Amino acid sequence: MKDTMLETPAIELKGIRKTFKLSDSRDADTVLALDDVNLSIRKGEFLTIIGPSGCGKTTLLRIIASLEEADEGEVIVDGEPVTEPGTRRAMVFQTFGLFPWKTVIENVTFPLMIRNFPADEARNTAMRHIKRVGLEKFVDAYPHQLSGGMQQRVGLARALSTGADILLMDEPFGAIDAQTRELMQEELLRIWEEERKTVIFITHDLDEAVLLADRVLLMSRGPGKVREIIPVDLPHPRFDYDVRAHENFAKVRGHIWHQLRNDLVQQREEEVS
Amino acid sequence: MLANLKKPSIWLPLLSLVIVFGGWEIVGRSINPLLFAPPSVVAAQFSELVTSGELAEAAQITMKALFLGYALAVLAGIPFGIVMGAWDRFGDILQPYLYAIFATPRVVVVPLIVVWFGIGFEARLFLVFFWSAIAISVNTAQGVRHARPDLVEVAHSFQASRLQMARHVLIPGAIPFVVAGLRIGAERAIVGVIIGEMFLQIVGLGGVIASGSSELLPAKMLCAVAVIAVMGTIIVTALDMLERRFQSWKGA
């Protein structure tokens with residue numbers, strides 16, 4: 001425990017604040033999307049972020065990815081403040097983000113090609129990760145020929161093959177059917193257990209949040225704030241036993257649901273009045 | 001996937017052809033031959049036009065203006081469309097004129113073209129070029145403007161440069177729109193060339209129709225119409241297939 005306290009965090013957020021304009025006009029009303037978010041994520045930690053819709057969780061992830069700029073505050077990756085996307089962070093997108101005109105292998109090699117890797121090296125790296133996600137038979141297929149689950153496996157292989165040690169995942173399994181989703185959660189954890197990359201994983205699925213995480217970050221809305229960070233004490237590898245039947249799973253899940261529910265009820269009352 | 005396309009039935013179109021041509025033959029024989037011709041007479045006329053070389057010569061004239069005008073339209077329309085799409089203001093400035101051109105019947109500018117280019121080959125070439133190029137550039141501009149923001153973001157997150165962004169995201173994303181523009185442009189080019197041949201200088205396949213009309217030879221007119229129809233169908237079908245080939249590029 002002491003070691004992790006002394007180590008430089010993989011990611012630190014300091015006083016992140018973000019407002020959005022409600023329209024393009026100069027004097028448009030603004031909404032506060034994120035208010036003073038502070039967070040420190042250990043190297044190799046699997047952090048899931050959950051909260052009611054509109055709590056700014058996706059905005060927070062996009063700010064960590066430098067796809068969006070915070071109005072105030074800093075994103076610090078491995079001790080260095082960042083403002084542009086970098087090679088240490090790789091994003092996995094909710095809608096997969098695959099280029100429809102590129103085959104599986106071309107999609108996976110894309111980030112490496114952008115960085116001018118030699119073609120055969122890029123190909124070998126990509127092939128290794130395509131095999132890991134079990135798509136070696138579909139190397140030359142186009143995205144529209146694949147199911148949603150397969151497409152997201154390509155998205156995962158692409159993020160992994162960049163060699164980034166931080167994976168930023170924005171509801172990656174949200175658009176995938178429930179059974180495939182469970183399989184992919186298992187695969188993701190298996191890969192994570194092998195490499196111990198730092199993962200920040202946005203989800204709106206409570207089970208998923210608890211199942212995957214070392215810690216669950218619960219956000220509240222209006223404006224988006226860190227409400228609570230809940231450690232999940234469940235042994236790894238988690239799919240070697242019935243993790244959902246574990247008493248800690250139920251405890252953590254119940255605790256988070258209780259708070260989420262309060263938020264949702266409150267939100268409903270505001271909408272009604 | 002190609003395998004998903006339904007295989008078109010061959011029997012229904014064939015049956016429809018038999019019924020239509022049979023009915024046409026029966027009706028055609030009972031009408032004054034100065035006004036209408038049954039398929040048998042059209043066929044005889046067709047072989048006469050072919051042996052005399054009149055049809056081949058006419059088709060050659062038509063194709064020359066059509067292909068040259070269309071090629072120029074592609075060469076000018078695509079770069080113009082890229083500029084229009086990439087530079088918003090330029091597109092905004094041109095928009096009212098393009099809308100006006102789209103909404104105006106093509107024939108109204110025929111007299112203007114006569115003033116500018118006379119009635120010869122250049123005039124027909126311009127007629128083909130103009131409408132075709134507009135359709136191609138408007139579609140290209142749309143393709144450039146409608147780059148998928150999610151894919152732009154993906155490329156950005158992997159630190160693509162502007163040039164890499166253009167090469168890997170913007171250009172491939174615009175291709176389905178450009179190809180759609182090529183098909184619409186071809187349709188317009190065919191209409192343009194025939195209008196030119198019927199109303200400017202009476203030559204080519206359009207000219208065969210015009211002269212058939214003044215000579216009261218309906219069979220001759222129908223021969224030219226058939227050739228134009230076949231030619232147009234081949235061109236548009238080919239481009240339609242190309243368009244479908246790129247359909248999946250619009251979204252995964």
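So you know, we letter chains A, B, ... as the sequences are listed, proteins then strands, and number each from 1. Note that this is a predicted model, so its numbers are computed, not measured.
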Legend entry - A/Glu106 portion near chain B, given a 4.5 angstrom heavy-atom threshold: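 Neither part.
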Inset, instruction - Would you mind checking which part of A/Phe96 comes under 4.5 Å of any heavy atom in chain B, side chain (CB onward), backbone (N, CA, C, O), both or neither? - result: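 No part of it gets close to chain B.
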Legend entry - Close approach to chain B in residues 158-176 of chain A, criterion heavy atom under 4.5 Å: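 Heavy-atom contacts from residues 158-176 of chain A to chain B are A/Arg158, A/Thr162.
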Looking at [X] and [Y], does any basic side-chain N land under 4.0 Å from a carboxylate oxygen?
X        : Y        : value
A/Asp78  : A/Arg88  : yes
A/Asp71  : A/Lys21  : no
B/Asp240 : B/Arg244 : yes
A/Lys14  : A/Glu74  : no
A/Arg132 : A/Glu194 : yes
A/Arg62  : B/Glu153 : yes

Inset, instruction - Starting from the C-alpha separation in whole Å, work towards a yes-or-no answer on side chain to side chain contact (heavy atoms under 4.5 Å, CB included) for B/His168 and A/Met113. - result: CA-CA 11 Å; B/His168 294 287; A/Met113 221 178 43; 3.3 Å; yes
Legend entry - Derivation of the side chain to side chain contact (heavy atoms under 4.5 Å, CB included) call for B/Leu182 and B/Tyr70: CA-CA 9 Å; B/Leu182 292 181; B/Tyr70 183 65; 3.5 Å; yes
Inset, instruction - Select all residues of residues 223-235 of chain B having any heavy atom within less than 4.5 Å of some heavy atom of chain A, and report them by number, or 'none'. - result: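 Those residues of residues 223-235 of chain B which would need a heavy atom under 4.5 Å from chain A do not exist here.
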Legend entry - Distance-only donor-acceptor check, side chains A/Lys57 and A/His204, under 3.5 Å: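 Per modelled atom types, A/Lys57 and A/His204 side chains form no pair under 3.5 Å.
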Legend entry - Ring-face cation of B/Lys64 near B/Phe121 (centre distance under 6.0 Å, axis angle within 45°):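 Geometry flag: set, cation within 6.0 Å and 45°.
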Legend entry - Between B/Ser157, B/Ala160, B/Ser161, the one whose heavy-atom pairs under 4.5 Å with chain A are most numerous: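 Ranked by heavy-atom pairs under 4.5 Å with chain A, first place is B/Ser157.
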Inset, instruction - For a ring-ring contact (aromatic ring centres under 6.0 Å, His included) with B/Phe117, tell me which candidate from B/Phe126, B/Phe130, B/Phe129 qualifies. - result: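 Output: one option passes, namely B/Phe126.
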